[in-house]
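Notes follow once the structure below has been shown.
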Amino acid sequence: TWFSASGASVFLADLDGVIRIKGKVGSQTRIPSGAKIELGEGIAGTVILEGVPKIVGDPQDDPLFNQLEVESRREISSSMVVPLIGLNGERIGVLNFSRARGESNFFEGDLEQAGRLGAHVAMAIGNARMVVLLQKSLAAQDRKKEQLVAVLSSVAGVVQVFDEKGKIEGGSRTEGK
């Protein structure tokens, strides 16, 4: 397993900006399916806002945890929280890795590797989102082209469409021509 973690989760910002759980494994499966993170609230929200990965040891010693988070983390001895920041500074989400009580704590070398992994994950998510936007844009362009063809075919007389080199690409014709 990555970083000898006993659990991991990923939260991603939806297109509406809400940061929701998208995946969980191991000890982090106790996170509710509808879990959300508020930017700047709690440890994950603060890490996303500040854009700096963090190792968290005992949650009772960290002022960013609220009491609910402390209660839900009793079986975890150490966590790493890694922000997912896009190339343009967009807050994409956060990766969480945890180790169970009795396992060794994460250390700075783990955090450096997790930070590099987070950069790659953020780039992959950004690329996937760009592909989706490109596909939507191409579909919209196809719909506009179909509308233009429908308009041109209904126009009386001859309308010709030229490419950038002056070659006729298409057009409409009237009856008998």
Separation between [atom1] of [X] and [atom2] of [Y], rounded to the nearest 0.5 Å:
X	Y	atom1	atom2	value
Glu41	Lys36	CD	NZ	11.5 Å
Ile43	Asn96	CD1	CG	9.5 Å
Arg143	Glu146	CZ	CD	8.5 Å
Leu95	Leu117	CG	CG	6.0 Å

Indicate yes or no: at least one non-hydrogen side-chain atom of [X] is less than 4.5 angstrom from one of [Y].
X	Y	value
Ser78	Ser98	no
Ser9	Ile21	yes
Val161	Leu148	no
Glu103	Ser6	yes
Arg99	Asn105	no
Asn127	Met130	yes
Lys54	Thr46	no
Arg91	Ile85	yes

Quick check on the hydrophobic clustering: are [X] and [Y] connected, directly or via other members, by side-chain heavy-atom contacts under 4.5 Å?
X	Y	result
Leu12	Met123	no
Phe11	Leu49	yes
Ile37	Leu39	yes

Between Asp14 (side chain) and Gly17 (backbone), is there a donor-acceptor pair under 3.5 Å?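 Checking the backbone N and O of Gly17 against the side chain of Asp14, no donor-acceptor pair under 3.5 Å is found.
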
Between Lys24 (side chain) and Ile31 (backbone), is there a donor-acceptor pair under 3.5 Å?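 Yes; judged by distance alone, with no hydrogens or angles, the pair exists.
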
So which heavy atom on [X] is nearest to which on [Y], and how close?
X	Y	result
Ala114	Met80	CB-CE, 3.8 Å
Ala44	Val94	CB-CG1, 4.3 Å
Glu169	Asp163	OE2-CB, 3.3 Å
Ala8	Phe97	CB-CD2, 4.0 Å
Phe162	Ile168	CE2-CG1, 3.4 Å

I'd like to know whether Val10 forms a side-chain contact (heavy atoms from CB on, under 4.5 Å) with Val121, so could you lay out the CA-CA distance, the side-chain angles of the two residues, the decisive distance to 0.1 Å, and finally the verdict. CA-CA 10 Å; Val10 61; Val121 168; 5.6 Å; no

Counting only heavy atoms not in Lys22, do more than 12 sit closer than 6.0 Å to its NZ atom?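 More than 12 heavy atoms, drawn from other residues, nucleotides or ligands, come within 6.0 Å of this atom.
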
